[in-house]
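Both ligands and their constituent atoms are indexed starting at 1 by order of listing.
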Amino acid sequence: MASESEAPRQLHVFFFPFMAYGHMIPTLDMAKLFASRGIKSTILITHPNVPIFQKPVEVFKNKNPNAEIGIRVLDFPCTELGLPQGSDNADFLDSAVIEDIFPIVQKLFFSTKFLKNQLEDLIETFRPDCLVADMFFPWATEASKKFGVPRLVFHGTCYFSLCVSYCIRLHKPQKNVASSSEPFVIPHLPGDIVITADQVTDNDEDDEMGEFITEVRDSEKLSYGVLMNTFHELEPAYADFYKKFVAKSSWNIGPLSLCNRGFEEKAERGKKVSIDEHECLKWLDSKRPDSVIYLSFGSVAKFSNDQLKEIAAGLEASGHDFIWVVRKSDDKGEKEEWLPEGFEERTRGKGMIIRGWAPQVLILDHQATGGFVTHCGWNSVLEGVAAGLPMVTWPVAAEQFYNEKLITQVLKTGLSVGERKWVDFAGDFTGRDRVEKAVRDLMIGEAAEERRRRAKELGDMARGSVEKGGSSYKDLSSLMEDLKKFRAQREM
Ligand code: UDP
């Protein structure tokens with residue numbers, strides 16, 4: 001026990017993300033946020049992903065010389081585990097054929113248990129006060145329990161989608177409809193939310209993946225609680241529902257992206273950006289406020305050439321200025337089959353294509369950006385919310401259709417491009433007319449103004465929530481107090 005003259009020992013938290021950008025980026029933000037509040041943060045990650053963390057951690061340390069943040073590297077022998085070499089590298093999925101992504105990711109889910117011994121060794125050596133581990137590491141709950149360390153689950157999504165999952169697993173309403181495209185109201189969930197079976201991801205499959213998901217749910221029940229990248233004002237009914245019916249404890253500490261305040265921090269998220277950030281901002285500076293639409297589909301989804309051509313044609317027909325992020329790794333240096341003939345000449349000055357990785361948060365936060373076409377990955381959605389932007393929703397896979405319903409049916413800050421079902425990570429097919437209409441409807445008209453007003457209001461609330469005294473700031477304070485109490489009881 002600390003004597004009365006001794007200062008209380010600093011809290012120490014381990015952060016352990018799954019090896020995908022959508023999980024590592026918010027975890028890095030979380031580790032920085034905790035470090036900025038006086039907690040010692042240690043990020044655990046496998047070798048190939050170290051560069052994603054190293055530079056941002058250095059930048060953060062230079063700005064916050066008193067903050068304690070570090071990285072511990074784990075070994076993950078892919079080939080020994082029957083996985084392709086380097087598949088634990090977040091960039092691996094970039095080079096994978098789209099149809100192979102799902103099987104590889106699933107195998108990765110089942111194989112990460114290999115890391116359990118290394119995690120236990122680290123916990124035993126450093127005795128952290130808490131382990132924040134990704135939802136996809138269900139075995140982490142047992143590993144930390146062995147040493148009396150509380151484990152928090154990080155889902156990386158919102159309350160709303162967790163509540164949708166819960167209600168659908170419980171009531172299986174998708175089994176009672178005549179066809180998979182017939183809309184139904186999700187039972188028991190507040191808000192009369194409408195969805196179709198084609199958009200549901202919780203199908204209780206009786207296979208290895210089904211077993212894995214059951215392990216994930218069970219480990220959540222046995223863990224200390226859940227950490228959420230959201231803020232209370234965004235989805236109060238679903239936060240309450242989740243706390244009442246699903247998890248025993250949860251803390252909202254988002255939007256995590258808002259912990260990046262300066263230019264360098266905002267530009268250094270994920271991969272090295274594929275353009276000159278300064279040039280990109282200069283281009284935006286030359287545009288009117290709220291006039292540019294930004295299109296990005298996250299770090300995994302990859303569209304076919306035919307789909308990309310439709311997007312190009314729809315954008316051009318809409319007449320709006322745009323920044324469009326295109327993830328194509330197979331076209332490098334060759335004729336770009338996915339661009340309509342003469343597209344870039346015709347849209348010169350009006351549009352910018354970023355081939356590869358964009359400084360997303362910098363672009364979203366610029367005053368010239370007035371709309372976001374998003375695949376509804378949760379990080380992107382929340383970054384769009386924090387920037388006060390209305391959105392065109394274009395879900396592709398996973399829980400993205402659920403996130404879409406939050407935007408279109410609850411927050412009413414967006415409209416759907418009309419995707420009906422999920423097909424691998426390549427998406428269904430959306431024609432140019434729908435792209436053109438969605439962009440026009442988002443950017444101009446009375447309904448557009450109303451959506452923009454609501455979006456700006458939410459953006460103000462988002463920024464307020466992370467300021468001193470805001471809901472997310474206070475929730476992190478209360479978590480810190482809880483962890484201190486837990487430690488004191490353990491040490492008694
Ligand atoms: N991102 C980025 N530049 C890009 C593409 C993505 O900075 O060109 C970031 C984006 O800001 C977000 C994350 O990568 O933080 C993607 O996570 P999300 O949950 O939106 O989608 P996922 O990649 O998991 O499908």
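The closest side-chain heavy-atom distance from Glu208 to Gln106 is not below 4.5 Å.
For the side-chain hydrogen bond (donor to acceptor under 3.5 Å, both in side chains) criterion with Thr430, the lone passing option out of Gln307, Glu419, Glu310 is Glu419.
Here the heavy atom of the protein found nearest to atom 8 (O) of ligand 1 is Ala358 N, 2.8 Å. Scanning the protein heavy atoms around atom 11 (O) of ligand 1, the nearest turns out to be Glu383 OE1, 2.6 Å.
Ligand 1 is approached by Trp357 to a heavy-atom distance shorter than 4.0 Å. The closest approach between any non-hydrogen atom of Val361 and ligand 1 is not below 4.0 Å. Residue contacts with ligand 1 include His375, since one of its heavy atoms falls under 4.0 Å from the ligand.
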- request: Begin with the C-alpha distance, continue with both residues' side-chain angles, and end with the deciding distance and a verdict on side chain to side chain donor-acceptor pair (under 3.5 Å) for Asn379 and Tyr21.
  value: CA-CA 10 Å; Asn379 296 294; Tyr21 282 106; over 6 Å; no
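Taking the ring centre of Phe231 as origin, the terminal cationic atom of Arg463 falls outside the region bounded by 6.0 Å and 45° from the ring axis.
Taking every heavy atom of Ile25 and a limit of under 4.0 angstrom, the matching atoms of ligand 1 come to 9 (C), 13 (C), 14 (O), 15 (O). Heavy-atom contacts of Trp378 reach the following atoms of ligand 1: 19 (O) (cutoff under 4.0 Å).
The heavy atom nearest to atom 23 (O) of ligand 1, out of those in Ser299, Ala398, Pro359, Ser296, is found in Ser299.
With hydrogens and angles left out, the side-chain atoms of Asn260 and Asp29 include a donor and acceptor closer than 3.5 Å.
At a heavy-atom distance under 4.0 Å, atoms from both the backbone and the side chain of Asn379 approach ligand 1.
In this structure a side-chain-to-backbone donor-acceptor pair under 3.5 Å is present from Trp357 to Arg269.
Under the 6.0 Å cut-off for aromatic ring centres, Tyr294 and Phe322 do not qualify, their centroids lying 6.0 Å or more apart.
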